[in-house]
Amino acid sequence: MEQVKARFRTSLESALPDQEILIERPRSADMGDFAFPCFRAAKALGKNPAQVAQELASTLRIEGAELAATGPYLNLKLHPEVRARLMLEALLGATPYGSAPAHGETVLVEYSSPNIAKLFTIGHLRSTMIGHALAQVNRYLGCQVQRLNHLGDWGTQFGTLLAAYKRWAELENPRLENDFSWSDEIHERRRTPLFRLFQLYVRFHQEEESQPEMRDEARAWFKRLENGDPEARRLWTWFREVSLAEFQRIYDRLGVGFDAMDGEAFYEDKMATAVQRLRDSGLLEEGENGAFIVRLEDVGIQTPSLMLKADGATIYATRDLAAALYRQETYAFDRCLYVVGSDQVLHFQQLFGVLGKLDPWFKGRMLHTPFGMIKLPEGKMSTRKGNVVFLEDVLDEAVTRVLAIIEEKNPELPNKEAVAEMLGMGAVVFFDALNDRVKPITFTWDRIIALDGDTGPYVQYAHARILSVLRKAGGTWAHKARPTQPLSPALAAVPYRAESLPDALDGLQDPAAQALLFELAGLPEALRTVQRENMATALARQLLAIARAFSAFYTNCPILWTENSPEVRDARLALCLATARALRQGLFLMGIQAPEEM
RNA sequence: GCGCCCGUAGCUCAGCUGGAUAGAGCAUCAGGCUUCGAACCUGAGGGUCGGGCGUUCGAAUCGCUCCGGGCGCACCA
């Protein structure tokens with residue numbers, strides 16, 4: 001397909017010297033595979049665009065394709081059989097479809113980054129799964145990717161937690177579990193140390209409102225922690241351990257992995273040199289009240305970046321600065337993506353501004369992918385106030401709903417629970433990636449766990465139907481649709497064996513088959529869009545388009561009918577196989593599994 | 001107050017480096033299971049692309065402005 005595009009480009013270049021040739025994709029298969037809009041060329045030539053298209057259509061020749069002028073566009077449309085052959089070769093060949101060979105570019109993706117001693121809420125899902133998808137797609141496209149989890153394991157909040165802990169719940173206290181009135185109503189799973197810590201945190205903030213002097217208590221505890229007080233240190237370590245254990249369980253469930261989990265505490269001893277560099281460059285100025293700031297007006301940011309508090313203590317901006325400098329040295333990266341909510345756009349503008357002034361090397365390498373916050377119908381979620389929706393509750397509810405549907409539609413299904421898990425997760429994760437809105441999303445159960453229409457399960461359903469057909473086809477067809485080794489977070493490409501094509505591809509002449517090929521052809525471009533725009537939306541939407549086109553093909557073109565000639569049957573089976581592989585690969589990049597039956 | 005973001009069908013959203021008749025899903029209505037999975041498919045209705053002005057051969061897309069909403073604005077992260 002790429003060669004055809006290149007040939008199209010070459011002939012356009014020779015017909016229109018000195019013109020910039022921009023080739024687009026038409027909106028649908030019946031218009032063709034590639035389109036050249038003639039507006040600019042027409043203007044340069046002083047002609048009518050439609051006329052230019054006509055002239056080009058009658059002059060140029062591309063083997064295996066027809067050139068037609070449709071108004072101001074010159075459309076290249078491959079002959080159905082050529083289109084089928086090119087696409088199936090690409091889809092079933094040795095190179096994973098749409099992937100690129102390693103080219104040494106290093107991309108860092110910072111995502112998830114939960115705070116120690118807090119529970120995963122639905123708000124953490126976006127960063128975690130978008131970050132995962134971006135890491136996966138970049139790896140698929142040949143980048144060297146480092147997946148970074150910048151754990152929130154340092155800061156004043158630990159003073160709060162230490163103070164709360166000392167106040168109400170000593171480590172050894174056996175009454176811990178009974179100290180909280182609402183613990184009896186909650187799920188057994190939440191009777192974990194982490195959940196108790198979370199409750200302590202919430203309680204402290206609640207009581208603090210009427211007793212402001214508690215804040216000093218918290219500050220004092222953080223001071224002790226910073227000064228290396230053994231008790232504070234011991235408790236901090238313990239908080240961190242129980243939190244990480246809990247996080248890992250969730251990451252395992254989501255199929256997400258990291259290459260580094262260096263949290264903010266990791267940069268604790270690296271901030272002094274970072275601050276010194278700021279001083280040496282003359283960027284650090286004393287601001288109001290004795291705090292130290294970096295002014296950024298000259299780079300178009302009116303609000304200066306606060307780097308040191310009046311008491312000399314560091315702030316999260318200092319830690320992010322130290323982290324960026326550390327990463328520059330450690331990874332020598334080409335791009336660093338921060339998948340963090342849109343409430344922090346200013347923070348990252350400031351951070352990037354400071355880095356750019358400190359070292360021009362950083363310019364253009366630092367990128368923030370902001371996303372809208374999830375809020376509840378009654379307002380903003382707040383961990384401090386305790387009005388949050390926990391991620392695991394959402395996942396569990398999704399799985400429960402899917403299980404009910406399985407019982408209704410396919411009660412004989414083996415491994416119901418495992419399949420329900422894949423579908424429930426698929427629904428939630430796919431929904432999350434589908435819209436990359438920067439505006440806030442209002443959480444409702446029915447929205448996030450929708451199972452019909454533009455959803456993960458719709459794509460998974462198309463995949464499962466294909467596997468079902470391939471199984472019925474007998475022989476090794478179904479086997480060919482399975483990965484050659486188990487999938488794991490260490491992989492980006494689903495491992496498939498290269499397959500040879502049937503000799504004849506009649507049977508793919510039908511418009512529905514051609515439309516499916518057209519949508520499959522859009523997948524590589526969608527992956528590049530994901531990489532360029534740093535959002536997973538384009539991939540999710542392309543998978544939907546493929547699944548939709550498959551469903552139409554499936555209803556229009558019988559595959560295993562006895563009246564079909566063996567050639568027609570095999571050609572259609574090959575298309576099914578190619579589609580199944582593409583769908584599984586695409587879902588996998590998003591962190592979604594594709595069950596063979598559902 | 002200042003800065004950034006958003007406003008597209010009844011609802012939720014795509015489309016935005018300007019370009020073909022503005023697309024999906026949900027909801028509504030009308031059809032489709034004696035052969036491969038109806039978690040599906042086919043069709044219909046539904047739009048001053050928030051309003052206005054401008055740039056352009058051409059604007060949902062770019063600029064200005066107004067209206068409506070969100071977020072941020074130094075010692076939280």
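Everything numeric here is computed off the predicted structure, so don't read it as measured data. Just the heavy atoms: all of them, side chains too, but no hydrogens, waters or symmetry mates, feed the values below. Proteins get letters first, then strands, A, B, ... in listed order; numbering begins at 1 in each.
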If you check the [X] side chain, which of [options] turns out closest?
| X | options | result |
| --- | --- | --- |
| Ile405(A) | U42(B), G37(B), A39(B) | A39(B) |
| Ser551(A) | C40(B), C13(B), G37(B) | C40(B) |
| Met31(A) | A77(B), A20(B), C36(B) | A20(B) |
| Pro304(A) | A74(B), C75(B), G25(B) | A74(B) |
| Trp561(A) | C40(B), U35(B), C71(B) | U35(B) |
| Thr303(A) | A74(B), G37(B), C73(B) | C73(B) |
| Lys43(A) | C36(B), C57(B), G23(B) | C57(B) |
| Ala464(A) | C41(B), G37(B), C76(B) | G37(B) |
| Lys309(A) | C76(B), C40(B), C71(B) | C76(B) |

Original post:
Knowing that exactly one of Gln54(A), Glu55(A), Lys47(A) qualifies, which makes a side-chain hydrogen bond (donor to acceptor under 3.5 Å, both in side chains) with Gln51(A)?
Top reply: Glu55(A)
If you look at every strand shown and take non-hydrogen atoms under 4.0 Å, does [X] touch a base, only sugar-phosphate, or nothing?
| X | answer |
| --- | --- |
| Leu346(A) | sugar-phosphate |
| Lys380(A) | sugar-phosphate |
| Pro37(A) | nothing |
| Asp446(A) | nothing |
| Ile301(A) | nothing |

Original post:
Hey, is Arg25(A) close enough to Glu525(A) for a salt bridge, meaning N to O under 4.0 Å?
Top reply: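 A salt bridge is absent here (no side-chain N lies under 4.0 Å from a carboxylate O).
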Original post:
With distance as the sole criterion, is a donor-acceptor pair present between the side chains of Asn534(A) and His368(A) under 3.5 Å?
Top reply: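 Short answer, no.
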Original post:
Who does G1(B) pair with, Watson-Crick or G-U, both distances under 3.5 Å?
Top reply: C73(B)
Original post:
So, do Ile405(A) and Arg401(A) sit near enough that their side-chain heavy atoms are less than 4.5 Å apart?
Top reply: no
Is there a side-chain contact between [X] and the phosphate of [N], meaning an N or O under 4.0 Å from OP1 or OP2?
| X | N | result |
| --- | --- | --- |
| Arg27(A) | A20(B) | yes |
| Lys439(A) | C13(B) | yes |
| Tyr316(A) | A77(B) | no |
| Arg447(A) | C13(B) | yes |
| Arg541(A) | G23(B) | no |

Original post:
Can you name the closest pair of heavy atoms from His463(A) and Leu583(A) and give their distance?
Top reply: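 Scanning both residues, the minimum pair turns out to be N-CD1, 4.0 Å.
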Original post:
Can you list the steps and then say if Arg319(A) with Glu264(A) is a salt bridge (charged side-chain N to carboxylate O under 4.0 Å, His left out)?
Top reply: CA-CA 6 Å; Arg319(A) 288 186 273 278; Glu264(A) 297 186 272; 3.0 Å; yes
**OP:** Confirm from the modelled atom types if Glu264(A) and A77(B) form a donor-acceptor pair under 3.5 Å, side chain to base only.
**Re:** no
Original post:
Does any donor-acceptor pair link the side chain of Asp320(A) with the base of A77(B) at a separation under 3.5 Å?
Top reply: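 Looking at the base of A77(B), it does not pair with any donor or acceptor on the side chain of Asp320(A) (distance under 3.5 Å).
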